[in-house]
Structure formats: C-alpha cells, structure tokens
Number of protein chains: 2
Amino acid sequence: MPRKRNAHRSPDMPTLADVARLAGVSEITASRVVRVQGPIADSTRARVLTAIAELGYIPNRAAGSLASAGSTLMSVLLPSLSNIVFPDVLRGIHTALTETAFQPVIGVTDYDPLIEERILVSFLAWQPAAVILAGLHHTPTARRHLEHGRFRVAELMDIDGEPVDIAVGMSHRQAGYETGKHLIQRGYRRFGYARHNVTTDDRASARYEGLCSALQEAGLSLVAEHCYPDASSTKAGRDALAILLAAHPDLDVVVFPNDDMAMGGIFHCMHAGIAVKEKLGIFGFNGLDIGQAMPMPLSTILSKRFLIGKTAAEKLLESRERPAEKTIINTGFDIIEGATA
Amino acid sequence: MPRKRNAHRSPDMPTLADVARLAGVSEITASRVVRVQGPIADSTRARVLTAIAELGYIPNRAAGSLASAGSTLMSVLLPSLSNIVFPDVLRGIHTALTETAFQPVIGVTDYDPLIEERILVSFLAWQPAAVILAGLHHTPTARRHLEHGRFRVAELMDIDGEPVDIAVGMSHRQAGYETGKHLIQRGYRRFGYARHNVTTDDRASARYEGLCSALQEAGLSLVAEHCYPDASSTKAGRDALAILLAAHPDLDVVVFPNDDMAMGGIFHCMHAGIAVKEKLGIFGFNGLDIGQAMPMPLSTILSKRFLIGKTAAEKLLESRERPAEKTIINTGFDIIEGATA
DNA sequence: AAGATTTATGACAGCGCTACCATAAAACGC
DNA sequence: GCGTTTTATGGTAGCGCTGTCATAAATCTT
C-alpha cells in the first residue's frame, strides 16, 4: 500500500522522483536540472529534460519553499487599484519580474496602515523573497516584521524618510514646492487648492505642504481650499472647482492633488466658459497620458510610476541578502509646462 | 545537535510545535485552532491563541500547502494592466477575497496565449485553489491543464463560448450589435471605425463584428475604418480620428473600441472645431468615469468590470470542487446615451 | 443503565522537495 | 606521476504542517 493518503494530487501527478526514475538519475540531480543550479553534464540534463516533458512534470513550489525556507514570491502591497498610479507601478514591477522566477502576490491596503499590517503578516506566511510596499510609514508591528524578516524590502513612491532597506521614489514635498515656484514665476498669485478625502495619502499631504512653503517664501498663502468629501475622481475635481470659484471668484490658479481632479477642473471651466490659463490656471500631478492628449495639454508634474516599480523590483533582485547600508533611489520628476497654467 | 540545517529560518522562528508546547496541547490541536477547523473547547482555543500571540507565531503556508495538497492562492492572469479595465476587474476580485484566506497572485499575459500558457504552468506549481483568466480562448496545452486540474477556473469578460468551469462577463458581440442598432436608430448612417493594434483582443473584435452585422441588417456597412498602429490610448484615438476624417470627411459617426480612444476623438473634434454629435457622433466602450465627467458626457456602453471580477471570485469560493455543469453568468451592459452620439 | 452518538484531543506518518555532506571521476599543476 | 582542485552525482534527513485513524470523555437515547 504505497499511497495511503487519497486527498492528494489527481490521478498521480508526477513528482521529481518519477522524473528521476525515468531519467535514470537521482532525485537531487533532477532537482538541480529543474533549478538550473550546480554543475550538470549536458547529457544528463538532456535526459532529465526529456523525462520532464514526457511526464508533463510540474514542480511543487510548496515543497520547494518548505525545503529551502524561501519562496519565489514577491509580496506587493498597494494602497489602491482605483488610482491609476498603482497599476502603473505594478506594471513596472511585473516587467522587471518577467523572465525571472519571481511572481508578485498583491494586496490592497486602502491607504490604511492597519490593513497593510494585516496583509503583510498573511503574506509573510509564504516566506516571500521580497516585500514591496508604498510609502515609508507603517505600523510599529509592520515595521518590526519588515526589519527582522529574512527578505528584501522596497518602499516605493516616497523618499522623504528612513527606509527599512530600499526606497525608490521622489520627494513629494519638493514636487509641491517646485509647483509653487513654477506657478509664482509664471505670474500667478491667488492660489486655490482642491483636496480630496483621503487623509492618509501622505504623498498628497507632502505636496500640499511643499506648495504652501513655496507660497510662504514668496510672501503669499493659499487664498482658498476645498476638501471634496469623496474619493478622488474627475467629477470630484469638477465639483470642487465649482465650489471653490463660487466662494472665491478672484482665484487665478488652482492646484489639484492629481491629474484626474485637474481634468475635472478643466471640464468645469469648459462648461462655465472660463478661459483656462488666461483667466484661471489649472495644475495637476502625475502626468497621465490623457491629460497630455487634450487640446490644451494639462500643466502638471510627471511622476515616474512605471520606472519606480521597475527599478524597485530590479534592485530587489540584485541580492537576496539585505546589504548593510540602506539605498535611496530618487527617480525624480519633470514639470510639464502644458497649456493650462 | 537538534538543528542541523542552518540556512533555515532566522533566529528560531517559532513553529506550530513551539505553540503547541507552550499551550500544552498537541500540534494537531494547535493546527486546528489556527485553521478554525474541527471542534475545539473554548478554553483550549484561548490557551493556543495566547501562545500564538506570545510567540508571534506566523504559520508557514508552504508547509501547510504541501501537507494538504492545496493552497489559498488564487491565480489571476490578466492580459494587461495598462488598460484600466483589468485593474478594475482585479479590484473586484480583491474585494471578494478580502476577509477570506485567499490571496491573488497575478500575472500579465500581454494578450498573448503563449505567455498565458507559460504563466499558467508556473502558477500551477503553487497548487492554487482557483485560476482566473480573461476570455475563453487559450492554447490547447493551457486548456488541457485547466480542464484536468484540481482547482476551480473562471474565465472572465466574455461569455460567447464554452467555458471550462465558470464564465462571467457579457456578450461583446451583442454589445457591438446594440451599439449599431442604437446609432442607426438615432439617425446615423455613415459609420467609421477606429481600431488599434491589438489583434488578439478577441473582445474588441467581437464588438466590431457585432457592429458590422447590425449595419448589415440595416442595409448599411462601414464607410471607413482605420487601424492605429500603436496600442490603445487617448492620443491613438485622437490621431486615428484625424486620419479617418481626412480621408472621409463625410462620416457622420465614428465608433471606437474603448472610451480612451473615444475621448481622443472628442479632443480632436474640439481642436478641429467639429460639433460633436450634430456634425459627428462619437461612441466608445467601457463607461469610464472620466468620460462621464466631461462637459458633454461620452456616449458609450457601460461594461461592469468590477462586478465581473467580484462575481467571479465569489462564485469560485462557493465550492472547492468543480460542479458537473458549467456556469455562465451574464453581467450584461448598459447603453449610456451621453451627449456625443 | 447500557448502548449509540457526539465532542474533543492526540499519535504518527508523510506531502515533495532541497540543504548538507560525501564520494567518485576527471582535469590540472609542476 | 602524485597531490590538488574541479566537476558531476548521490544518500540521507529533514523542512513544518495536516490527513487519517484512534481514543477518551461527555452527551444523548429509549
């Protein structure tokens, strides 16, 4: 009675042992061929490969992970998937991981550090090779896990702070500051700001602060701001601008936390017959394609989301061990002049 | 010398055995508490839970999967992440999986069945509980794996065909057909169509065919079409429309394969001073928020992407075993009249 | 009260793979 | 030509968990 357990694999899924037997080698040699590891004679490799093809062998990664105490999974924790920014980051990660043995496992935190912590712990159960998350701010428990774990860690988007291992991103504070300087230089003086409800989006807050300090340096300050109660969207931007202008018709420029909302702002202007740029400047953030395809391209800041994801994943693959010094990679940003401010 | 292997877990990560010892129960009992499975006395559960908290125990899912020949992973294979459609689907899946033990592992196929097959096989190595993919068309090898595997399968987006297990989506052929009928009824006669380069996007092709057959029924046919050589984008739509109109200034409506391109079309009209709807109708597909936030909301078809993802994942969770009959769930679509056609 | 059932727990083997150590043969050095 | 290194392969012992079967105690029948 060789096989006692019957809850197991379908009609005898072949195992490494089957492959080894058919190829006339030991299990460990077959294993080495599969993993492309260690010295193997060409003839042996060929025999094993043939056996694999013949049996339709699929390795069992759970067994492999258990035996080697490590997996080929990379945990990716993103705040949101509604915000186009994060699919872009994910795309970058995925691009870097193509052709490698690594696979991303994704979780969505909804910008909530507690959810992040919960998902992180559940991901750790897979002994991932690396963990990628957004931002440098995590719960103490999460941070402890990140610091003591046997895996690489990349914190994306933001570089204003102390990373656990690697940080890849840009300074959002500086982006906000440069936005302010840029607009002041172009003659704008009466600034409005349209927020949205995500209070835990640290990056948006950092940009806001940067903008304020640029204004302050120039002896200015925000004339008005409005916080739209719902999540960010084009409609949110459109409505927010309407409200802002109703209360403060004398604004000459309005800064939005992202391009989606800024486009909403432009749509409001189109609807209300306000001459964008001459009468009212509109400034966004992200540099989405759609904004640049408009008849008057959106003035905004290009954040390099794909590059951030790709760079982070590549960097993580460089070494399995965490190096002594932390790495901070600034992918920077570009101001897109556009035609709306 | 108890611990011979030193490549293993960091300074003694606690195992279930440690938890069991501390709680004064057997390993299997501790395991049952962790998995919330089988009858456990309240007092015992409490002791085990305390031990877990005290040790900071994190279960090892690789070991669990190996022992039980099954994992809590759900493989998700999407054609693309650039196309907003799929992050929306993914969001739906993720929503359904929150609060369950399942975690999505994602792969991107780039609309290529061969890449899909390759990723599928590498995912199968984790013995996933379910596999989610887009469309009903796969390579023979992929299909064989899907049919013989011990996991549930959901094929999303499309329902025009024979699924392996579950299909959730809508009839794209019908959507194209209804688009044609709707536009004909509104008086449009001279139709143009702007494609993009993705020849393997079966859904877009099905809509195209549906549109053509509606025209045919009415004794009409496409006056012109243009295939933009690059991937779909707003700019692609804008350029494609410009080219189309240059050759055929007499078109009275242009249908686009998606909203992104349709918006590009509108931007072209704005730029060229063409009265949208009166002079030229524009029709999209997807029903993206941004199109509806425009001063003249885009006429389009609302595809229920989030719902598709969510429904599929929920359906998959209903039973671990594949039922005898296949399930097809039609999430339908809505025509959004909008103001552009 | 004696059996039948349910509830709570445990012993043990083994899932399929790889780390570790050992060995044998081939290539190299001088 | 005799050590020494390199190349190629194998034996063995687990990795940490859960399926299976067994058992003991509590509860329910009639």
Side-chain angles (χ1 to χ4, degrees), chain A residues 1-10 12-21 23-48 52 55 57-72 101 124-127 150, chain B residues 1-10 12-21 23-48 52 55 57-72 101 124-127 150:
Chain A
M1 244 120 291
R3 218 166 257 260
K4 271 166 81 180
R5 321 177 120 200
N6 64 5
H8 277 272
R9 310 184 117 195
S10 331
D12 291 297
M13 279 280 263
T15 71
L16 240 204
D18 298 323
V19 171
R21 202 172 310 118
V25 298
S26 69
E27 262 188 81
I28 186 70
T29 300
S31 170
R32 287 189 184 116
V33 171
V34 172
R35 287 178 293 152
V36 196
Q37 205 237 67
I40 297 285
D42 289 345
S43 62
T44 311
R45 178 177 10 257
R47 283 211 320 288
V48 173
I52 287 174
L55 295 173
Y57 168 71
I58 295 181
N60 182 328
R61 291 296 316 137
S65 291
L66 179 58
S68 66
S71 77
T72 53
L124 259 26
W126 290 104
Q127 318 215 130
R150 275 219 167 181
Chain B
M1 247 117 289
R3 221 166 254 261
K4 270 166 83 181
R5 320 178 120 199
N6 65 4
H8 277 271
R9 310 185 118 193
S10 334
D12 291 298
M13 280 278 263
T15 70
L16 240 205
D18 298 325
V19 171
R21 203 173 308 120
V25 297
S26 69
E27 262 187 83
I28 186 68
T29 299
S31 170
R32 288 188 183 116
V33 172
V34 172
R35 286 179 293 154
V36 197
Q37 204 239 66
I40 297 286
D42 289 346
S43 61
T44 312
R45 184 185 354 267
R47 285 213 316 289
V48 173
I52 287 173
L55 296 172
Y57 168 71
I58 295 181
N60 182 329
R61 292 294 318 136
S65 291
L66 179 58
S68 66
S71 78
T72 55
L124 258 27
W126 290 104
Q127 316 216 132
R150 276 219 164 181

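The analysis underlying the following values was restricted to heavy atoms, covering all of them including side chains, and did not include hydrogens, waters or symmetry mates.
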**Message:** Can you list everything that forms a side chain to side chain donor-acceptor pair (under 3.5 Å) with Arg47(A)? Sequence neighbours excluded, please.
**Reply:**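 If we apply the side chain to side chain donor-acceptor pair (under 3.5 Å) test to Arg47(A), skipping adjacent residues, there are no hits.
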**Message:** With a 4.0 Å cutoff (strictly under), does any side-chain N or O of Arg35(B) reach OP1 or OP2 of dG19(D)?
**Reply:** yes
Could you tell me the separation between the [atom1] atom of [X] and the [atom2] atom of [N], rounded to a whole number of Å?
| X | N | atom1 | atom2 | value |
| --- | --- | --- | --- | --- |
| Leu66(A) | dC15(C) | CG | C1' | 9 Å |
| Asn60(B) | dC17(C) | CG | C1' | 13 Å |
| Arg21(A) | dC17(C) | CZ | C1' | 15 Å |
| Gln127(A) | dT18(C) | CD | C1' | 14 Å |
| Trp126(B) | dC15(C) | CH2 | C1' | 15 Å |

**Message:** Any side-chain to backbone donor/acceptor pair from Ser71(A) onto Trp126(A)? Under 3.5 Å, distance only.
**Reply:**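 Yes; judged by distance alone, with no hydrogens or angles, the pair exists.
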**Prompt:** For residues 36-47 of chain B, which residues have at least one heavy atom under 4.0 Å from DNA chain C?
**Reply:** Pro39(B), Ile40(B), Ala41(B), Thr44(B)
Throw together a table of side-chain donor-acceptor distances under 3.5 angstrom for residues 25-32 of chain B, partners on residues two or more places apart or in other chains.
residue  : atom : partner  : partner atom : Å
Ser26(B) : OG   : Thr29(B) : N            : 3.4
Ser26(B) : OG   : Thr29(B) : OG1          : 3.1
Ser31(B) : OG   : Arg35(B) : NE           : 3.1
Ser31(B) : OG   : Arg35(B) : NH2          : 3.0

Please tabulate, one pair per line, each protein N/O and nucleotide N/O from nucleotides 10-12 of chain D that are separated by under 3.5 Å, including the distance.
residue : atom : partner  : partner atom : Å
dG10(D) : OP2  : Ser26(A) : N            : 2.8
dG10(D) : OP2  : Ser26(A) : OG           : 2.8
dG10(D) : OP2  : Thr29(A) : OG1          : 2.6
dG10(D) : O5'  : Ser26(A) : OG           : 3.4
dG10(D) : O6   : Arg32(A) : NH2          : 2.9

**Item:** Shortest side-chain distance from Ala67(B), nucleotide among dG19(D), dG16(D), dG16(C)
**Value:** dG16(D)
**Asked** What do the steps show when you test Arg45(A) against Val48(A) for side-chain contact (heavy atoms from CB on, under 4.5 Å), and what is the final call?
**Response** CA-CA 5 Å; Arg45(A) 178 177 10 257; Val48(A) 173; 5.8 Å; no
**Request:** Kindly indicate, with the supporting measurements, whether the criterion side-chain contact (heavy atoms from CB on, under 4.5 Å) is fulfilled by Thr15(A) and Asn60(A).
**Result:** CA-CA 8 Å; Thr15(A) 71; Asn60(A) 182 328; over 6 Å; no
**Message:** According to side chain to side chain contact (heavy atoms under 4.5 Å, CB included), who are the partners of Ala41(A), at least two apart in sequence or on a separate chain?
**Reply:** Ser43(A), Thr44(A)
**Item:** Interatomic spacing from CG in Leu66(A) to CG in Leu66(B) - rounded to 0.5 Å
**Value:** 5.5 Å
**Gap separating the OG1 atom of Thr72(A) from the CZ atom of Arg61(A), nearest 0.5 angstrom** = 4.5 Å
